[in-house]
Amino acid sequence: MGQTLPKPGLRPFLPDDVPVLAAIFTASIEELTGDDYSEAQQQAWMEAAETEEFGKRLAADLTLIATLEGSPVGFASLRGADHIRMLYVHPAVSGQGIAAMLVDALEKLAGGRGAQSLTVDASDTAQGFFAKRGYVAMQRNSVTVNDEWLANTTMKKTLGAVQ
């Protein structure tokens, strides 16, 4: 019925990755979050990729890049031992297991760093994804991003728990 997709790979973040990760970040927000956020909210959110701070955040965290045939198609970052800071997948590969592969890796890394649990401030768009993986909503948040209010939910998963 369909063609076999190439097997995705994982690699660490490199400073030269910033432009392509910024493009994945903006494409993901623009194409995948429209049901949950207004155009003004999306625009404010996407503007974060246009700052020097974006690359600094990626470098400061443990950032993993998912690749298909060597090209980045998604990324995720772990802040400290126990907080998923970012998870973005290019819309062209959304729903193909890339985000799950990235979060699996971050969960293993967090456990290896001694974390008992992992938290994430999940966008309304990503909340269902994390809930299916055993993350439980702890609190709703409103954050200001470039003069726009965006809601997200802090979710937590106990690592090593039976799923």
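Position 1 is the first residue of the sequence; numbering continues from there.
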Checking salt bridge (charged side-chain N to carboxylate O under 4.0 Å, His left out) for the pair K156/D82: CA distance, chi angles, key distance, verdict?
CA-CA 10 Å; K156 182 177 181 177; D82 62 359; over 6 Å; no
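- Residue-environment remark: CD (Q139) exceeds the threshold of 12 foreign heavy atoms within 6.0 Å.
- A continuous path of hydrophobic side-chain contacts links V93 to M101 [ILVMFWY only; heavy atoms under 4.5 Å].
- One N or O on the side chain of Q41 and one on the backbone of W149 form a donor-acceptor pair closer than 3.5 Å.
- By the 4.0 Å N-to-carboxylate-O rule, D104 lies close enough to R133 to be salt-bridged with it.
- At least one side-chain heavy atom of R113 sits less than 4.5 Å from a side-chain heavy atom of L62.
- Linking ILVMFWY residues whenever their side-chain heavy atoms come closer than 4.5 Å, directly or via other members, leaves L14 and L109 in distinct clusters.
- Of the candidates V103, L118, D61, V120, L78 forms a side chain to side chain contact (heavy atoms under 4.5 Å, CB included) with just one, namely L118.
- Put simply, the side chain of L10 reaches to within 4.5 Å of the side chain of L102, judged on heavy atoms.
- Separating the OG atom in S38 from the CH2 atom in W45 is a distance of 11.0 Å, to the nearest 0.5 Å.
- When every heavy atom of P8 is checked against every heavy atom of I98, the shortest pair comes out as CB-CD1, 3.6 Å.
- Minimum interatomic distance between S77 and T63 (heavy atoms only, all atoms of both residues): CB-OG1, 3.3 Å.
- What you find for A49 and F25 is that their closest heavy atoms are CB-CD2, 3.5 Å.
- The shortest side-chain heavy-atom distance between V18 and F13 falls under the 4.5 Å cut-off.
- Taking the side chain as every heavy atom from C-beta outward, R140 and D124 approach each other to under 4.5 Å.
- A salt bridge is defined here as a Lys NZ or Arg NE, NH1 or NH2 lying under 4.0 Å from an Asp or Glu carboxylate O, and D17 with R11 meets this definition.
- Put simply, OG on S94 and CZ on F129 are 10.0 Å apart, with the number rounded to the nearest 0.5 Å.
- Between I24 and Y88, the shortest heavy-atom distance links the atoms CG2-O, 4.1 Å.
- L32 approaches V89 most closely through the heavy-atom pair CD1-O, 3.9 Å.
- Minimum heavy-atom separation, N141 to T153: ND2-C, 3.9 Å.
- The environment of E31 atom CD is dense: over 12 non-hydrogen atoms of other residues, nucleotides or ligands sit within 6.0 angstrom.
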Would N152 and S123 count as a side chain to side chain donor-acceptor pair (under 3.5 Å) here? Give the steps.
CA-CA 5 Å; N152 66 34; S123 69; over 6 Å; no
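- Under a 3.5 Å cut-off, the side chain of Y37 and the backbone N or O of E30 do not form any donor-acceptor pair.
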